[in-house]
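In what follows, a single structure is set out as structure tokens and then discussed.
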There are 2 protein chains.
Amino acid sequence: MIIVINMSKKPLTARKNCDCRATRRGARREAVLDVLTSGPGHLSAEEIYRAARKRVPKIGIATVYRALRCLCSCGKAAEFIPADGVARYEPAGSRAHHDHLICTSCGSFLEAVDPEIERLQGRLAARHGFRISSHKLEIYGLCAGCAGTGAARGALRRRARIVE
Amino acid sequence: MIIVINMSKKPLTARKNCDCRATRRGARREAVLDVLTSGPGHLSAEEIYRAARKRVPKIGIATVYRALRCLCSCGKAAEFIPADGVARYEPAGSRAHHDHLICTSCGSFLEAVDPEIERLQGRLAARHGFRISSHKLEIYGLCAGCAGTGAARGALRRRARIVE
DNA sequence: GACATATTGATAACGATTATCATTATCACA
DNA sequence: TGTGATAATGATAATCGTTATCAATATGTC
Ligand SMILES: [Mn+2]
Ligand SMILES: [Mn+2]
Ligand SMILES: [Zn+2]
Ligand SMILES: [Zn+2]
């Protein structure tokens, strides 16, 4: 795949009209995309940098940030910023939208979607004449494992990545 | 009111068992609380600093941050971090929970709550054995004014701060 | 007033991210 | 296959919001 950096200074939110154009190909940005799609997801730039160096040892962190900007810009990756203020990245485009349940104990990210919540957000916005372009729902608390209840362990056993 | 700094390094989320104890009183932290409760809300630390200096000209930004930490720690203020990563503060305690509709055009914050969405979040979490401690719902898009439709202006006219 | 100590503000430090810029890698084409 | 244009890279400086440090000051108690 050919990946080209979008050098604009705009935020990293995915855009429809990405100005990425195929020009030259290199191993570094491929490595970043690789880490993103094959890794556990929800990685920080620093974590992606460390993983990418195992494939391309001479890669610099600046290139990782540039690649992430490009990937977000053309919708192949998504950036989100949890409460600690450190941006995290996950593959996008081929994946459905989802929200995050973030464990404040072990730091794990659980992905989930409730179509009813999604729908009601539209209704809430409409009530205020607000035109939604995106939304961010993050639920903080204890994951099943850290809560440690029987019901919790049951839910953990299911181990669903995206569950309605 | 007496306000005492909580010097802990924990995050600024409001806690039930705040270790704030009344010991000494000063004008600076009062000024910060004043700005917080009398201002337009959703101010950044820098904005609060500028406003506080009109009341206490010699106040330093460090004191503003310290006061905000204290106020959040004992539940008199709430901190939240939108997509731009810059923390913003609003009075809390006497105010009900609400979510934010954030206009990406004019930067305004509209407050809203949908009890049904709140309820469904609990259901979603329960489905994963997740024990919620807090959540953050931010909806990004165009406010009524910036969207510029007729219906939008109607909604704007209502000018509700918190609407179900 | 004298003391203990809580609070303050100037400023250094910090961490994540971005900008700079000289060097290197890639492509189009002769 | 060589060559020139230029896209991409990485080391590093800069930036920005926030926190830590620390000497000076303010406050409460006796
Ligand atoms: Mn995710
Ligand atoms: Mn608010
Ligand atoms: Zn956990
Ligand atoms: Zn607006």
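The chains referred to below are lettered A, B, ... by the order of the sequence lines, with proteins before strands, and numbering in each begins at 1.
- Of the charged side-chain nitrogens involved, none lies within less than 4.0 Å of a carboxylate oxygen, so that B/E30 and B/R55 do not count as a salt-bridged pair.
- Looking at B/F109 and B/E90, their side chains never come closer than 4.5 Å, going by heavy atoms from C-beta outward.
- Aromatic ring pairs are classed by plane angle as parallel below 30°, tilted from 30° to 60° and perpendicular above 60°; the pair B/H42 and B/H98 is perpendicular.
- When the side-chain nitrogen and oxygen atoms of B/R29 are compared with OP1 and OP2 of C/dT7, one or more of them lie within a distance under 4.0 Å.
- For the pair A/Y49 OH and C/dA16 P, the computed distance is 14 Å after rounding to whole Å.
- As a whole-Å value, the separation of B/E79 CD from D/dT19 P is 8 Å.
- Protein atom CD of A/E30 is 17 Å distant from nucleotide atom P of C/dA25, rounded to whole Å.
- Regarding A/R69, its CZ atom lies at a distance of 9 Å from the C1' atom of C/dT17, rounded to whole Å.
- Phosphate proximity of C/dG9 to B/R28: present, with a side-chain N or O under 4.0 Å from OP1 or OP2.
- Side-chain nitrogen and oxygen atoms of B/Y65 include none within less than 4.0 Å of the OP1 or OP2 phosphate oxygen of D/dT19.
- Looking at the side chain of A/R66, the nearest of the listed nucleotides D/dT18, D/dT9, C/dT8 is D/dT9.
- For A/V86, the side-chain atoms get nearest to C/dT17 when compared with the rest of C/dT17, D/dG10, C/dT18.
- Residue A/A62 has its side chain nearest to D/dA11 when only D/dT21, D/dA11, D/dT9 are considered.
- Judged purely by distance below 3.5 Å, without hydrogens or angles, the side chains of A/Y49 and A/R53 pair a donor atom with an acceptor atom.
- Residues B/I81 and B/V86 have side chains not in contact (no heavy-atom distance under 4.5 Å, counting atoms from C-beta outward).
- Taking atom CD1 of residue B/I59 and atom C1' of nucleotide D/dT25, one finds them 15 Å apart after rounding to whole Å.
- The distance from atom CG of B/L68 to atom P of D/dG17 is 15 Å, rounded to the nearest whole Å.
- When rounded to the nearest whole Å, the span between CZ of B/R53 and C1' of C/dG9 equals 12 Å.
- With distances taken from any side-chain atom of B/A87 to the nucleotides D/dA11, D/dT18, D/dA8, the minimum falls on D/dT18.
- Look at CD1 on B/I61: it is 8 Å from P on D/dT18, rounded to the nearest Å.
- Of the candidates D/dT19, D/dA11, D/dT9, D/dT9 carries the atom nearest the A/T63 side chain, counting heavy atoms from C-beta on.
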